[in-house]
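Computation of the quantities below employed the complete heavy-atom set of this structure, encompassing side-chain atoms and omitting hydrogens, waters and symmetry-equivalent molecules. Naming: A, B, ... by sequence-line order, numbering from 1 per chain.
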Number of protein chains: 2
Amino acid sequence: MPKSSNSDHKKSRVSPPERREELLAIAARVFAAQGYNATTVRKIADAAGMLAGSLYYHFDSKESMLDEILSGFLDELWARYDAVLGAGLGPRETLEALVTESFREIDRHLDAVAIYQKESRHLGTQPHFAYLVESQQKFEKAWLGTLERGVAAKVFRPDLDVRLTYRFVRDTVWVAASWYRPGGRHSPEEIARQYLSMVLEGIALHDT
Amino acid sequence: MPKSSNSDHKKSRVSPPERREELLAIAARVFAAQGYNATTVRKIADAAGMLAGSLYYHFDSKESMLDEILSGFLDELWARYDAVLGAGLGPRETLEALVTESFREIDRHLDAVAIYQKESRHLGTQPHFAYLVESQQKFEKAWLGTLERGVAAKVFRPDLDVRLTYRFVRDTVWVAASWYRPGGRHSPEEIARQYLSMVLEGIALHDT
DNA sequence: CTCCTTCCCTAACAAGTGTTTGGTAGGTTA
DNA sequence: TAACCTACCAAACACTTGTTAGGGAAGGAG
C-alpha cells in the first residue's frame with residue numbers, strides 16, 4: 001500500500017488530531033504573545049513540556065504550524081461569513097451580523113486573530129501564504145458590497161468615502177483582538193452591540 | 001576635556017545628527033515593513049548601501065535604533081498632545097483636536113507609528129522600554145478624561161461603556177497607520193474630518 | 001607633507017536558530 | 001515471547017544572528 005491514500009493536499013497528518021490541536025493551541029498562544037519571528041521552536045516546546053526536536057514528529061516545520069493555525073481560523077471564519085452573506089439579509093442586518101460573527105470569532109480564536117493581525121501583512125508577500133491576500137480581498141468585497149448596498153438603500157450615509165468607511169469598520173472590529181480577553185465582563189455579543197451602536201449612531205449625544 | 005560634556009542620558013551621539021536621522025529613517029522603513037524581529041541588521045545595512053558592521057559606528061545596537069525611533073516619535077506626539085490638552089478646550093473640541101493631531105502624526109511618522117502598533121505590546125514587558133507603558137497609561141488617562149468630561153457635559157452619549165468607547169476611538173485612529181500612505185488622495189486633516197464624522201455621528205442615515 | 005578625524009570595510013566571533021538523525025521507553029498487537 | 005507503533009529524547013547539523021576588532025581610504029587642519 002503506497003503511503004497513505006489521504007488526499008489532504010496541504011497537511012501531512014502524522015499524529016492523532018487531538019494532540020495536534022493541543023500543540024497548535026500552545027503554539028498559537030506563544031506566537032500571539034511574542035510574535036512569530038520572536039518565537040523559537042524551543043519556546044513552544046518548553047510550553048508544551050517537551051524538547052524542540054520532538055515537535056517535528058507532529059509537524060513538518062515551524063512555518064507549517066503557523067500555516068495550520070491561520071488557515072484553520074480563516075476556514076472557520078469564512079464558513080460563518082458565507083452563511084451570513086447568503087442569508088438574504090438587508091444591508092444593515094448584514095453588517096450587524098458580520099460584526100457579531102467577527103466578535104464571536106475573536107472570542108473563539110483569539111490567538112489566531114492576534115497572529116493574523118500582526119503577521120498577515122508581511123506574510124502575504126510570501127507565495128506560500130497567498131491565501132491570506134485572497135481572503136483579504138474577499139473580505140473587502142463582502143464589506144464594501146454591503147456598505148454600497150446600504151448607501152443605495154438609504155440606510156447608510158451617502159456623504160462618506162465608502163472605502164474609508166470600510167477600513168474604519170473593519171479595523172474597529174478586528175483590533176479588539178488586541179485587548180479582548182475571553183471570560184471578561186462583556187460577552188462577544190455585548191461588545192458587538194455596543195460597537196454597532198457606536199458605528200451606526202455615533203458617540204455624540206443627539207437631542208432626539 | 002573628558003568625553004563630551006553632553007549630558008544626554010540615553011543616546012551616545014557618535015555621528016552628526018543628519019546622518020543618524022537618515023539611517024534611522026531607513027531602519028524605520030524596514031522595521032515597519034518586515035517587523036522588528038524579522039529585520040536583520042544586514043537588511044538595514046543593505047537598504048542604506050553599507051555593510052552590517054558599519055552601522056555600529058553610528059549606533060550602539062539594533063535595539064538602540066528601535067529605541068531612538070520610538071522615543072523620538074513619542075516625544076513629538078506628546079508635545080502636541082500636551083499643547084491640545086492644555087488649551088482649555090471643551091470635551092468635543094478636545095477630542096477633535098486629539099484625533100486631528102493623531103492623523104497628522106501618522107502622516108509625519110508613519111513608520112514609527114506602524115512599529116509602535118506592532119511591537120509596543122510585547123516590548124512593554126522589557127524593562128528598558130518601560131516608557132512605552134507609561135506613555136500608554138498617560139494616553140488612556142487623557143482620552144478617558146476627555147470622554148468622561150464629555151459625558152458629564154452631555155455632549156457624549158451616557159449609555160456607552162466609557163472604557164470600551166475609549167478603546168474604540170483609540171483603535172480607529174491608530175490602525176489607520178496600517179493602510180495610510182502619505183501623499184495619497186486624502187490629507188490627514190480630511191481623513192480626520194471623516195473619521196470624526198463617523199465616530200461622532202455614526203454611519204447610519206438619520207432623517208434629520 | 002603629516003596628523004587626525006570621519007566613515008566605512010573586512011573578517012571574524014559566540015550565541016542562537018530551525019531542522020535532522022538515530023535511539024528508546026512503553027504500550028498494543030499477534 | 002516477538003514484532004511493531006507511538007511519542008518522545010539526546011545530540012548534533014548547517015546556518016543566521018547581533019556584535020566586535022582592526023584596518024584603511026578620504027579629506028580637512030596644522
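- Rounded to whole angstrom, the span from the CD atom of A:Glu22 across to the P atom of D:dA7 amounts to 11 Å.
- Evaluation of the ring-ring contact (aromatic ring centres under 6.0 Å, His included) test over residues 19-43 of chain B, restricted to residues two or more places apart or in two chains, returns B:Phe31-B:Tyr36.
- The A:Tyr56 side chain lies nearest to C:dT20 when the options are D:dA10, C:dT20, C:dC8.
- With sequence neighbours excluded, the residues that form a side-chain contact (heavy atoms from CB on, under 4.5 Å) with A:Arg42 are A:Thr40, A:Ala52.
- Between C:dT19, D:dA10, C:dC9, one nucleotide has an atom nearer to the side chain of A:Ser61 than all others, and that is C:dT19.
- Residues from residues 43-50 of chain A placing a heavy atom under 4.0 Å of any atom in DNA chain D, listed by number, are A:Gly49, A:Met50.
- A donor and an acceptor atom, one from each side chain of A:Asp75 and A:Tyr131, are nowhere located under 3.5 Å apart.
- Sequence order on DNA chain C of the closest nucleotides to B:Ala52 and A:Glu63 puts B:Ala52 first from the 5' end.
- Residues from residues 31-39 of chain A lying near DNA chain D, meaning a heavy-atom separation below 4.0 Å, are absent.
- Formation of a donor-acceptor pair under 3.5 Å by the B:Ser197 side chain with backbone atoms of B:Arg193 is not found in this model.
- Looking at A:Thr165 and A:Arg157, their side chains never bring a donor and an acceptor atom within 3.5 Å of each other.
- Between B:Phe139 and B:Tyr81, the distance from one ring center to the other falls under 6.0 angstrom.
- Per the geometry, OH belonging to A:Tyr57 stands 9 Å off C1' belonging to D:dC8, to the nearest Å.
- Applying the salt bridge (charged side-chain N to carboxylate O under 4.0 Å, His left out) rule to pairs touching residues 170-184 of chain A yields nothing, sequence neighbours excluded.
- Remark: the backbone N or O of A:Pro188 is not paired with any side-chain donor or acceptor of A:Arg104 at under 3.5 angstrom.
- The pair B:Glu96-B:Arg92 counts as a salt bridge, with a side-chain nitrogen and a carboxylate oxygen less than 4.0 angstrom apart.
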Which pairs, protein N/O on one side and nucleotides 13-16 of chain D N/O on the other, fall under 3.5 Å?
none

